[in-house]
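Encoded as structure tokens, the structure appears first; notes follow it.
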Amino acid sequence: MSSTSMRTLVWFRGKDLRISDHGPLCEAACHGEVIGLFVLDPYFFAPERARELPHRMQFLLESIAALQSNLEQLGSGLVLARGKSIEVVPRLARRWRVDKVLAQRWTEPFARKRDAIVAERLHVPFELHEGETLAVPEEVRTGEGKSYSVFTPFARAHRAVVRVGSPLRAPKTLPPLPDDIRADKATLPSLESLGIAHNPRLLAGGERAARERLRRFLASAAERYDAERDRLDLASTSRLSADLKFGTLSIRTVWTAARRALERTNPKAWRSFSNELLWREFTHAVLWNNPNLLKHPRRAEFETFPWEPNEPGWRAWCEGKTGYPIVDASARQLLGEGFVHNRARMISASFLVKDLLIDYRRGEAHYMKYLTDGDWAQNNAGWQWSAGCGFDAQPYFRVFNPIDQGRKFDPTGGYVRRWIPEIARLPDKHLHAPWEAPAAVLRAAGITLGETYPNPIVNHASARNRFLAIAQGRMSAR
DNA sequence: TCCCAGTTAGC
DNA sequence: CTAACTGGG
């Protein structure tokens with residue numbers, strides 16, 4: 001077979017928006033004509049849907065535009081098409097007479113269903129490449145061949161079994177898009193046309209910005225990561241979560257670059273950073289093996305837990321007006337910049353579920369709406385972990401104390417002061433519990449509790465006891 | 001990737 | 001009085 005006789009459709013989706021270390025693109029480039037396609041599916045791009053995910057849409061549009069221009073620089077381009085993926089891809093594959101369709105495998109159940117339908121409707125082979133995770137599904141198994149349900153043994157087995165190869169280089173050049181196909185191109189909608197206001201506080205999308213973030217993180221990580229990664233008031237984490245979600249960096253690129261930069265110079269930093277990446281591997285493996293998790297808690301007792309509607313509590317939590325500064329700062333950071341430090345996510349989740357007794361799935365959905373890095377496997381695992389109902393979850397009786405967590409992980413108060421300016425003038429001592437400050441201190445800081453900043457909507461100590469009493473009754477009843 | 005109450009040691 | 005440690009949820 002002549003290697004230049006093939007015409008391959010490379011179907012880019014929302015999790016592989018790059019030209020480096022892109023298996024389908026490299027394979028297609030080796031065998032002849034390449035047609036890069038992105039489908040503007042109304043499931044995401046209908047304005048009423050898009051408005052439900054403003055931050056991810058901004059990052060996505062920037063990343064698609066960057067991919068388009070990167071492919072053009074290689075001599076090709078990215079074809080955009082409107083319509084439902086399951087209809088558009090088979091139709092275009094036929095009209096363009098492609099020999100095969102390549103894409104990157106997804107973990108989520110709805111995506112697996114979509115890909116199965118596309119495979120059935122295509123008249124040519126549909127091949128899914130690995131790349132979303134380091135491990136292939138089913139690769140990390142126990143001695144008995146079962147999937148792991150606890151992180152630590154999973155991570156140990158992963159480190160022992162999974163071989164991480166070198167990332168693939170982007171093709172040097174690509175053949176030009178055929179003329180008849182060029183004519184089919186739709187244009188990328190603007191954020192404004194979808195009814196979303198541009199948010200300058202979000203990280204920039206696209207592969208180049210992602211590489212720059214990786215470079216800057218690794219330049220300082222050996223010095224700072226190990227000691228400072230839990231600090232909310234310092235910027236010492238990688239901030240690569242959105243890049244891993246949208247694939248503007250491949251996980252393999254991040255893993256190999258971090259290993260090279262950290263393993264020798266600071267083995268503890270490498271250990272803890274790679275563990276974070278392995279958590280991501282774990283959440284994806286768990287979701288692959290348990291597609292029901294997106295709808296149901298793993299532990300059945302939580303399905304019938306007496307959650308409360310608590311509408312005032314829900315609104316206060318969403319808006320950052322609970323009266324607990326660390327909880328409110330994280331809520332406002334989520335709305336303001338589409339990102340929250342992982343520790344702040346845990347504090348905030350613990351508060352919603354355990355102090356307010358609100359179903360973790362409402363919090364999960366709220367995070368999916370506003371997180372730029374909103375990833376189904378990661379976000380679901382995080383919420384089920386916090387609620388105490390998932391795989392390798394914390395025990396149900398762990399309740400975060402928002403005051404102690406604030407003092408410990410935001411000791412300078414920089415995080416709270418940035419997001420809660422109305423209490424910024426409080427001294428450090430009272431910043432995380434304003435209601436305990438003497439009247440004179442409050443007055444001097446220009447604060448009237450209940451007016452300029454809320455009183456706490458619940459008493460944490462009694463809320464904690466209430467949760468523990470309910471949970472204990474249910475857990476022992478089993 | 002926790003919290004709390006109880007205890008002990010040290011000042 | 002505080003820090004350090006413990007056991008149990």
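For clarity, every value in this text was computed on a predicted model and none was experimentally measured. Here is how names work: the chains are called A, B, and so on, in the same order as the sequence lines, proteins then strands, and each is numbered from 1. Hydrogens, waters and symmetry mates are skipped; everything else that's a heavy atom, side chains included, is used.
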Measure the distance from [atom1] on [X] to [atom2] on [N] and round it to the nearest whole Å.
X	N	atom1	atom2	result
A/Phe351	B/dC2	CZ	P	19 Å
A/Leu468	B/dC4	CG	P	10 Å
A/His460	B/dC3	NE2	P	8 Å
A/Phe467	B/dC2	CZ	C1'	13 Å
A/Phe273	B/dT1	CZ	C1'	16 Å
A/Arg280	B/dT1	CZ	C1'	20 Å
A/Gln384	B/dT1	CD	C1'	18 Å
A/Lys354	B/dC3	NZ	C1'	11 Å

Exercise. Indicate, with yes or no, if the rings of A/Tyr225 and A/Phe217 have centres closer together than 6.0 Å.
Key: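 Ring centres of A/Phe217 and A/Tyr225 closer than 6.0 Å.
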Quiz item: Aromatic rings A/Tyr367 and A/Trp383: how do their planes relate, parallel, tilted or perpendicular, breaks at 30° and 60°?
Solution: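 Plane angle over 60°, so perpendicular.
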Exercise. Go through the steps for A/Asp21 and A/Arg252 under the test salt bridge (charged side-chain N to carboxylate O under 4.0 Å, His left out), then give the verdict.
Key: CA-CA 8 Å; A/Asp21 199 26; A/Arg252 186 157 61 173; 2.5 Å; yes
Quiz prompt | Ion pair A/Arg51/A/Glu48, N-O distance below 4.0 Å | solution =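 Salt bridge between A/Arg51 and A/Glu48, a charged N being under 4.0 Å from a carboxylate O: no.
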Practice problem: Considering just the side-chain nitrogens and oxygens of A/Gln405, establish if one lies under 4.0 Å of OP1 or OP2 belonging to B/dC3. | Solution: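 Indeed, a polar side-chain atom of A/Gln405 lies that close.
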Quiz item: Does A/Asn401 put a side-chain nitrogen or oxygen below 4.0 Å from OP1 or OP2 of B/dC4?
Solution: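 Yes, within the criterion.
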Quiz item: Looking across every strand, which nucleic acid part, if any, lies under 4.0 Å from A/Asp404 by heavy atom: base, sugar-phosphate, or nothing?
Solution: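 Sugar-phosphate only.
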